[in-house]
2 protein chains.
Amino acid sequence: MAYTAAMDVTDLNLIHPDAGSDAPRLATLLADRIGERIAMGDYLPGSKLDELELAEQFGVSRTPVREALIQLGTAGVVTLRPRRGAVVTEVSPQRLMEMFDVMAELESMCARLAARRSSAEEREALRAQHDACVEAVESNDPDDYYLRNERFHHAIYHLSHNDFLEEQALALSRRLRPYRRLQLRVRARVTSSFAEHLDVVEAICTGAEDLAAERIRAHVTVQGARFADLLASLARAGQGPAALG
Amino acid sequence: MAYTAAMDVTDLNLIHPDAGSDAPRLATLLADRIGERIAMGDYLPGSKLDELELAEQFGVSRTPVREALIQLGTAGVVTLRPRRGAVVTEVSPQRLMEMFDVMAELESMCARLAARRSSAEEREALRAQHDACVEAVESNDPDDYYLRNERFHHAIYHLSHNDFLEEQALALSRRLRPYRRLQLRVRARVTSSFAEHLDVVEAICTGAEDLAAERIRAHVTVQGARFADLLASLARAGQGPAALG
DNA sequence: TCCGCCATTCTTGTATACAAGAATTGCCTG
DNA sequence: CAGGCAATTCTTGTATACAAGAATGGCGGA
């Protein structure tokens, strides 16, 4: 799964066990679309995904829908309850923090390797990615900033020059996507995020691997006041406590 | 997926998207068994997994076999080539090293958290797990040692008290299982592995988190002479270069 | 003899059928 | 009126059927 600067953001949601995706199975296409709906909040955590209903919506039989749900289930996006159907996985605040901690560790590793391995051209490209965020910051558009921010983070994964690490980081990033977006809705978070990015860029570009690793870890980890912020965002987004499980 | 000391080793290969596994689907059981065969080297990397053949072997229809292969595919154990069948995922030496690097990072995080968070009883239990390996070392039985070694590593994941991290580490451990086994076949590796384990236990039990993290990282990472050893093991196990892809 | 093309066979992908377990509703009882 | 039991309905899990694409083998030509 090679990264390119022109890569469309919609690519980032893909669930692909397939090798060559020229003629993918219906199940894979469906997994992408259902996963997209979940990421966009169309299906809230805990809500049931009815096979027949989805089959009718997409105009296919139950078989590929089932296979799609199994893919999403193995990826952790939905939870398969044997003989009781699939539901969107509910993520407790506790678990969310755990996931962010692991994300921080992976990104930290990426940043360290990026500082150690990236070429001068790659570092310039990274700086360009960062600069591209400035517009979104000035217009204070969290959604636009989220997209550019995402590309920036993914660029760092890529600069690790460890393809497997990049894949793992992308996969986790995908699962955390809805929540990372929420985080940016907190007042002034966009501005502080942007400032933190700059520090990361500086560390990577000067080859300061320890610094780069620590800075991005601090940037990603949900700690202190940011935990309370996240809780508040979750409560608002879920329209009630049920969504938290 | 709660860990218990009495947990049977056969549990360690499970591919479980299911919530409660009291009445699992056939597909999940099949995924476990097929995954076990792959881990044990019954199916070599690159070899094809025929749906009908597997169905007949297990006395079921193609449907649950297909679903099992999809689960294994999403987990990365097999590669699904659309309309061309499933094959055991081929891992190049390059990629294998990348995977071990990520495994080292995750285990390092586990060990650090274990040193920080584990209780006195838990530390005692970990030491007991380590002591249990001594028999296998003395009899120099790599396969037996592998099993106890695996339990030891998984115990550390559990002591991290980060369930998500534990799951991720277990999943990657599963993918690396066949190769970790191979590594132990190298002369004297069992002995050195055991010695390294002891150092890790000491660090965790004294709460030396940095030391614990570094020691287990060094233990897991494939570096220096061990890379050549691994290459040699791969070549022998694969009965030729084709198995490496 | 070797390469390439076509027909055949086989395998996978999707749809449908059927069975078994879960959820629901209504009724009966306390 | 509430709680629990039972029959019904619905959903999932597995098996089978069918169609379309891939692999294979044989034939013909260079």
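Computed from heavy atoms alone, side chains included, the values below leave out hydrogens, waters and symmetry copies. Proteins get letters first, then strands, A, B, ... in listed order; numbering begins at 1 in each.
Two residues are said to be in side-chain contact when any heavy atoms from C-beta on lie closer than 4.5 Å; A:L165 and A:C110 meet this criterion.
Across the helix from C:dT1-D:dA30 to C:dG30-D:dC1, the helix axis at one end is tilted relative to the axis at the other end by 10° (nearest 10 degrees, each axis from five pairs).
A close approach under 4.0 Å does occur between a side-chain nitrogen or oxygen of B:R66 and OP1 or OP2 of C:dG13. One finds no side-chain N or O of B:K48 lying less than 4.0 angstrom from the OP1 or OP2 phosphate oxygen of C:dC10.
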Please report the C-alpha distance between B:N162 and A:D101 in whole Å, then the side-chain angles of each, then the deciding distance to 0.1 Å, and finally whether the side-chain contact (heavy atoms from CB on, under 4.5 Å) criterion is met. CA-CA 9 Å; B:N162 179 325; A:D101 278 355; 4.1 Å; yes

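Donor-acceptor pairing under 3.5 Å is recorded for the side chains of B:Y145 and B:S193. A donor-acceptor contact closer than 3.5 angstrom links the side chains of B:N149 and B:H197.
Protein atom CG of B:L69 is 15 Å distant from nucleotide atom P of C:dT11, rounded to whole Å. Atom CG of A:L52 is separated from atom C1' of D:dG13 by 14 Å (rounded to the nearest Å). Atom-to-atom, CD of B:E67 to C1' of D:dG13 comes out at 8 Å; the value is rounded to the nearest Å. One atom, CD1 of B:I70, and another, P of C:dT12, lie 12 Å apart when rounded to the nearest Å. Computed from coordinates, the B:D50 CG to C:dC10 C1' distance equals 9 Å when rounded to whole Å.
Here the closest non-hydrogen pair linking A:T89 and A:G76 is OG1-O, 3.0 Å.
Taking the charged nitrogens against the carboxylate oxygens, B:D143 and B:R181 do have a contact shorter than 4.0 Å, which makes a salt bridge. Using a cut-off of 4.0 Å between Lys/Arg side-chain N and Asp/Glu carboxylate O, A:R180 and A:E107 are scored as salt-bridged.
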Output one letter per nucleotide in nucleotides 15-24 of chain D: B when a protein non-hydrogen atom lies under 4.0 Å from the base, S when only the sugar-phosphate is that close, - when neither is. BBB---SSS-

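Aromatic ring centres of B:H153 and B:H219 lie closer together than 6.0 Å.
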